[in-house]
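First the structure, in the form of structure tokens, and then the observations on it.
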Number of protein chains: 2
Amino acid sequence: MTSSSTRESILDATERLAASGGTDALSLRSITREAGVNVAAIHYHFGGRDGLMRAMLDRHVAPLNARRLALLDGLDEAAGPAAVLEAFLRPDLELIDRLRRDGRASLTRFLGEAYARPTPEVAALMAAQFHPVAEAFLARLAGCLPEVPPAELRLRLGLVVAVVQGLFAEAPDLDGPALLGADTLDEQVRRLVSFAAGGVGAPAATPHARRP
Amino acid sequence: MTSSSTRESILDATERLAASGGTDALSLRSITREAGVNVAAIHYHFGGRDGLMRAMLDRHVAPLNARRLALLDGLDEAAGPAAVLEAFLRPDLELIDRLRRDGRASLTRFLGEAYARPTPEVAALMAAQFHPVAEAFLARLAGCLPEVPPAELRLRLGLVVAVVQGLFAEAPDLDGPALLGADTLDEQVRRLVSFAAGGVGAPAATPHARRP
DNA sequence: GTCTATAACTGGATAGAC
DNA sequence: GTCTATCCAGTTATAGAC
């Protein structure tokens with residue numbers, strides 16, 4: 001078996017396990033059993049467990065951010081904040097939707113955990129990949145929303161990211177009457193974007209009187 | 001040493017470890033070392049590791065929800081959506097702020113993980129505790145925001161919860177120029193509430209024309 | 001109620017043959 | 001590049017003395 005096909009089969013097996021059993025099922029032993037390869041192969045190809053996890057993240061996060069930028073790039077000059085936020089959010093919902101249709105919903109939790117409890121290295125990788133994306137969207141939003149101070153905009157985009165993180169974490173459980181349950185993808189996008197646009201474009205907070 | 005004081009010292013030690021080392025530092029061995037008690041004591045008092053984790057959650061989540069309801073109860077009849085959302089969100093920010101001032105910021109990650117990767121039992125416990133709170137707030141919000149359909153309101157409150165979950169997960173790292181970094185607590189509350197109120201009260205999403 | 005001692009496992013990593 | 005065999009640190013849990 002050539003080098004690259006073993007590498008791929010390890011990644012595929014890891015993904016299958018993450019999708020069905022959640023992150024706890026991702027021991028080197030279970031992965032190698034699933035992939036039909038050997039424990040040492042993982043160390044050879046990825047340098048260890050951490051390297052494998054980083055490779056898994058790249059596999060999903062890089063396309064996600066690429067799609068964000070592509071959608072942003074395709075917008076009209078005159079696009080409003082809602083359209084910009086749709087470019088930011090739609091790729092996440094597409095990913096969640098695709099994985100859930102495949103019966104691989106638990107894979108979203110793997111991604112959610114990369115946010116919620118990153119290894120220092122994973123955190124650095126995520127930040128490095130996400131930073132230019134965030135800056136591009138912030139610049140565009142600042143153009144649409146001149147009345148919102150840039151610092152406030154930055155904070156609010158951070159809150160939007162927090163929403164997305166929450167969606168990824170909960171996505172496997174949303175089968176019932178929950179968040180994005182029974183809707184079509186476009187419907188989900190509309191609803192999420194209307195919430196996000198309302199939040200990002202809200203009048204800047206001013207101190208208000210407290211009750212006596 | 002009496003039964004209850006051992007129980008307490010175990011809980012305290014668990015909390016100290018979660019606060020300094022994150023969730024991975026919470027093995028029975030490290031806990032018993034820190035508490036100066038024995039491994040078997042944990043099984044005696046909590047029935048095992050899971051029971052201990054459940055007890056830890058109760059210790060923080062129960063007061064959180066109680067405070068939410070208390071603040072909601074103290075509102076004027078005429079209170080608007082922003083005030084209601086402040087009652088919902090302020091307890092979270094208070095908790096994060098308090099833990100960060102104590103140098104126990106990592107404890108927030110423990111709570112964030114309870115959302116992001118709950119044991120089935122933990123998920124059930126969280127849902128049971130949170131459900132009545134959510135219903136109370138939804139009823140109140142429905143009164144303030146008759147123009148937003150109840151189903152939409154429910155979804156949006158879910159998104160607010162996702163924001164909170166994201167805040168808990170990231171809180172330990174927010175020392176730099178990040179989300180709620182340099183502000184006072186009241187300032188944080190104002191900013192978060194203005195975002196949430198903008199999102200929850202946004203005009204209901206309507207289909208909009210896509211670009212050609 | 002508390003402790004010692006130990007059982008029974010699983011985890012990641014690696015040396016060295018092929 | 002790939003495998004076998006092994007190492008060792010780590011985990012939860014429990015039986016049984018006190």
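We name chains A, B, ... by the order of the sequence lines, and we start the count at 1 in each one.
Distance from the side chain of A:Leu28 is smallest for C:dG12 among the nucleotides C:dG12, D:dT14, D:dT2. Distance from the side chain of A:Arg49 is smallest to C:dA13 among D:dT4, D:dT2, C:dA13. With D:dT2, C:dT14, D:dA13 as the candidates, the nucleotide lying closest to the side chain of A:Tyr44 is D:dT2. For A:His45, taking side-chain heavy atoms from C-beta onward, the closest of the listed nucleotides D:dA13, D:dT2, C:dG12 is D:dT2. For B:Asn38, counting side-chain heavy atoms from C-beta on, the closest listed nucleotide (D:dC3, C:dA13, C:dT4) is C:dT4.
C:dT10 atom C1' lies 11 Å from atom CZ of A:Arg33, rounded to whole Å. To the nearest angstrom, P of C:dA13 lies 10 Å from CE of A:Met53. Across the protein-nucleic acid pair, B:Arg7 atom CZ and C:dT2 atom C1' stand 16 Å apart, rounded to whole Å. Between the C1' atom of D:dG10 and the CG atom of B:Leu26 lies a distance of 15 Å, rounded to the nearest Å. Across the protein-nucleic acid pair, B:Leu52 atom CG and D:dA13 atom C1' stand 14 Å apart, rounded to whole Å. The distance from atom NE2 of B:His43 to atom P of C:dT4 is 16 Å, rounded to the nearest whole Å. Note: CZ (A:Phe46) to C1' (C:dG12) measures 16 Å, nearest angstrom. Rounded to a whole Å, the CG atom of B:Asp24 is 15 Å from the P atom of C:dG11.
A 4.5 Å side-chain heavy-atom check between A:Leu107 and A:Met56 finds at least one atom pair inside the cut-off.
Taken from OG1 in B:Thr14 to CG in B:Leu52, the straight-line distance is 4.0 Å, to the nearest 0.5 Å. Taking CG of B:Leu11 as the start and CD1 of B:Ile42 as the end, the distance is 9.5 Å to the nearest 0.5 Å.
At C:dT10, none of the side-chain N or O atoms of A:Ser27 fall inside 4.0 Å of OP1 or OP2 (strictly under the cut-off). When the side-chain nitrogen and oxygen atoms of B:Thr6 are compared with OP1 and OP2 of C:dT2, one or more of them lie within a distance under 4.0 Å.
We find that A:Asp58 and A:Arg54 are not joined by a salt bridge, their nearest charged nitrogen and carboxylate oxygen being 4.0 Å or further apart. A:Arg59 has a carboxylate O that lies under 4.0 Å from a charged side-chain N of A:Asp12, or vice versa, which qualifies the two as a salt bridge. Classification of B:Arg190 and B:Asp186 as a salt-bridged pair fails, no side-chain N sitting under 4.0 Å from a carboxylate O.
The residue B:Ala40 sits close to a base: some heavy atom pair falls under 4.0 Å.
Side-chain to base pairing of A:Arg29 with C:dG12: one donor and one acceptor N or O lie within less than 3.5 Å of each other.
Stem regions for DNA chain C, each three or more consecutive Watson-Crick or G-U pairs with both distances under 3.5 Å and listed by first number, read C:1-10 with D:9-18, C:12-18 with D:1-7.
Shown here for B:Cys144 and B:Pro81, the closest heavy-atom pair between the two residues is CB-CD, 3.8 Å.
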